[in-house]
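In this text the structure is predicted, and so the values were computed from the model without any measurement.
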Amino acid sequence: MHAIRVASAALLGATALTLSATAALAGNGDGNSDGGRDSGRGNNNITSFGFNVQPQSIAAGGRLRLTAESCDSVARVSSEVFDTVTIPKGQSSATALIDADARAGSVYQVTFQCGNESGHTELTIAPGRAGTNYSDPTQVQVPASVQRGVKAGVGGSSGGGFDLKEIGLGTALIAGCVGTAWSMTRRRVTDEEP
């Protein structure tokens, strides 16, 4: 009898773990992501086309290379820090001129639109002089100090804060499994007593 109780509790625990992991994985479909297939910085941005900005940190007045690969239509790229750029069908890249009045240390969202899909990545304005030629590696300006910490080791928790619905569902699943295991264990103990 003891082996059956232990096996039941282990099976309930494994089921709870499996269901909570599945719910956590299913919650990533908010479309708030980054980098497309080519992966940039930010939040789980998954699109059918790949997109990228080079470099991801640039001084005001610099030229930025925008890439949208595997886009079967015209791609439009927009941001607050440069004018909207169109990448024609059949081409995969274009350049944008960063506004000369962009403030060093600011982070801007760059949105790529391909057909009905869109994705975004971040662009950081680095300190440096305007007009730097970023195609020449000897002129690339590296920021002297980091304005904010890196988004490392957060395990995906940096994208949008708490989702109370997911937290409540996870708590309910775990509480239900623990309560059922406890109830079954207590019932069996009382059934065995004379």
Distance (rounded to the nearest 0.5 Å) between [X] [atom1] and [Y] [atom2]:
X      : Y      : atom1 : atom2 : value
Phe49  : Gln113 : CZ    : CD    : 7.0 Å
Ile4   : Met184 : CD1   : CE    : 10.0 Å
Gln56  : Glu122 : CD    : CD    : 9.0 Å
Glu117 : Phe112 : CD    : CZ    : 13.5 Å

Do Thr121 and Asn52 have side-chain heavy atoms sitting under 4.5 Å apart?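 Side-chain contact under 4.5 Å: no.
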Min side-chain heavy-atom separation Thr111-Val77 under 4.5 Å: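 Side chain of Thr111 against side chain of Val77, heavy atoms only: no contact under 4.5 Å found.
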Work out which heavy atom in Val81 is nearest to a heavy atom in Ala102; give both atom names and the distance.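 The answer is CG2-CB, 3.6 Å.
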Could you list who else is in Val178's hydrophobic cluster, with ILVMFWY side chains joined at under 4.5 Å, directly or through other members?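 Noted: Val178 shares its cluster with Ile174.
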Give every residue pair that meets the ring-ring contact (aromatic ring centres under 6.0 Å, His included) criterion with at least one member in residues 66-110, sequence neighbours excluded.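 For residues 66-110: none.
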Decide whether Thr67 and Gln54 meet the rule of one side-chain donor and one side-chain acceptor closer than 3.5 Å.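 No, no side-chain donor-acceptor pair sits under 3.5 Å.
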So, Ser106 side chain and Arg103 main chain: donor-acceptor pair closer than 3.5 Å or not?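 Answer holds: yes.
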Under 3.5 Å, is there a donor-acceptor pair between the side chain of Thr15 and the main chain of Leu11?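 Pair found, side chain donor or acceptor close to backbone of Leu11.
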Which residue pairs pass the side chain to side chain donor-acceptor pair (under 3.5 Å) test with at least one member in residues 71-82, sequence neighbours excluded?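 Output for this query is empty, none listed.
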List the atom pairs, donor and acceptor, that lie under 3.5 Å between side-chain atoms in residues 87-101 and the rest of the protein, sequence neighbours left out.
| residue | atom | partner | partner atom | Å |
| --- | --- | --- | --- | --- |
| Ser93 | OG | Arg65 | NH2 | 3.3 |

Filter on disulfide bond (SG atoms under 2.5 Å apart), then keep only pairs touching residues 57-121, sequence neighbours left out; what's left?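 Sorted pair list: Cys71-Cys114.
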